[in-house]
Amino acid sequence: MSFQAYLDTIKIKTGKGPEELAALADGKGFSDAGKLKPGVKAGQIIEWLRDEFGLGHGHSMAVYALLSGKKKPGDK
């Protein structure tokens, strides 16, 4: 599955796109301006997205990759 396919599925499941997820992460204190804060671990993002949206590990890791800057929308 491509990275963009993960983002598309997340949008279907949550109604939130990448920008909205980044804003929510900012509001939760995990990121600043959509960029992951130092010291924030993947497990924290996984737990948040599981509890709030029912996302699984793979989809949560896609959001983590987005916030950490390792991937961006449109990546394969």
Side-chain angles (χ1 to χ4, degrees):
M1 180 180 282
S2 72
F3 184 70
Q4 185 59 50
Y6 272 104
L7 295 181
D8 293 343
T9 302
I10 291 166
K11 173 85 174 178
I12 291 166
K13 289 182 174 195
T14 67
K16 310 290 184 206
E19 297 83 16
E20 294 164 300
L21 290 167
L24 289 172
D26 286 357
K28 293 281 186 179
F30 295 128
S31 59
D32 185 26
K35 300 294 179 195
L36 204 61
K37 288 183 176 179
V40 175
K41 304 290 184 195
Q44 295 170 272
I45 302 301
I46 292 166
E47 183 178 350
W48 161 51
L49 294 171
R50 179 195 63 224
D51 293 348
E52 194 161 325
F53 297 105
L55 291 182
H57 184 84
H59 290 94
S60 296
M61 286 303 293
V63 175
Y64 179 78
L66 182 72
L67 295 173
S68 66
K70 294 177 183 175
K71 295 278 189 172
K72 61 184 186 311
D75 281 356
K76 301 232 179 240

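Note: hydrogens, waters and symmetry copies are ignored here, and every other heavy atom, side chains too, is used. The first residue in the sequence is number 1, and the count goes up from there.
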Sequence neighbours left out, cut at 3.5 Å: what donor-acceptor pairs do the side chains of residues 4-12 make with other protein atoms?
residue: Gln4; atom: OE1; partner: Gly74; partner atom: N; Å: 2.6
residue: Gln4; atom: NE2; partner: Asp8; partner atom: OD1; Å: 2.8
residue: Thr9; atom: OG1; partner: Ala5; partner atom: O; Å: 3.0

*For Asp26, which residues count as a side chain to side chain contact (heavy atoms under 4.5 Å, CB included) partner, sequence neighbours excluded?*
Ser31
*Checking side-chain contact (heavy atoms from CB on, under 4.5 Å) for the pair Leu55/Lys13: CA distance, chi angles, key distance, verdict?*
CA-CA 8 Å; Leu55 291 182; Lys13 289 182 174 195; 3.9 Å; yes
*Who pairs with Asp32 by side-chain hydrogen bond (donor to acceptor under 3.5 Å, both in side chains), at least two apart in sequence or on another chain?*
none
Which pairs of donor and acceptor atoms, one on a side chain in residues 59-66, lie under 3.5 Å apart (sequence neighbours left out)?
residue: Ser60; atom: OG; partner: Gly56; partner atom: O; Å: 2.9

_Spatial distance of atom CG (Leu21) from atom CZ (Phe30) [nearest 0.5 Å]_ = 12.5 Å
_Test: salt bridge (charged side-chain N to carboxylate O under 4.0 Å, His left out). Region: residues 57-76. Which pairs qualify, not counting sequence neighbours?_
Lys72-Asp75
Distance-only donor-acceptor hits, side chain of residues 36-52, under 3.5 Å, sequence neighbours excluded:
residue: Gln44; atom: OE1; partner: Lys41; partner atom: N; Å: 2.6
residue: Trp48; atom: NE1; partner: Glu52; partner atom: OE1; Å: 2.9
residue: Glu52; atom: OE1; partner: Lys28; partner atom: NZ; Å: 3.2

*Gap between atom NZ of Lys16 and atom CG of Leu24 - 0.5 Å precision*: 6.0 Å
*Heavy-atom closest contact (Ala22 atom, Gly34 atom, distance)*: CB-CA, 3.8 Å
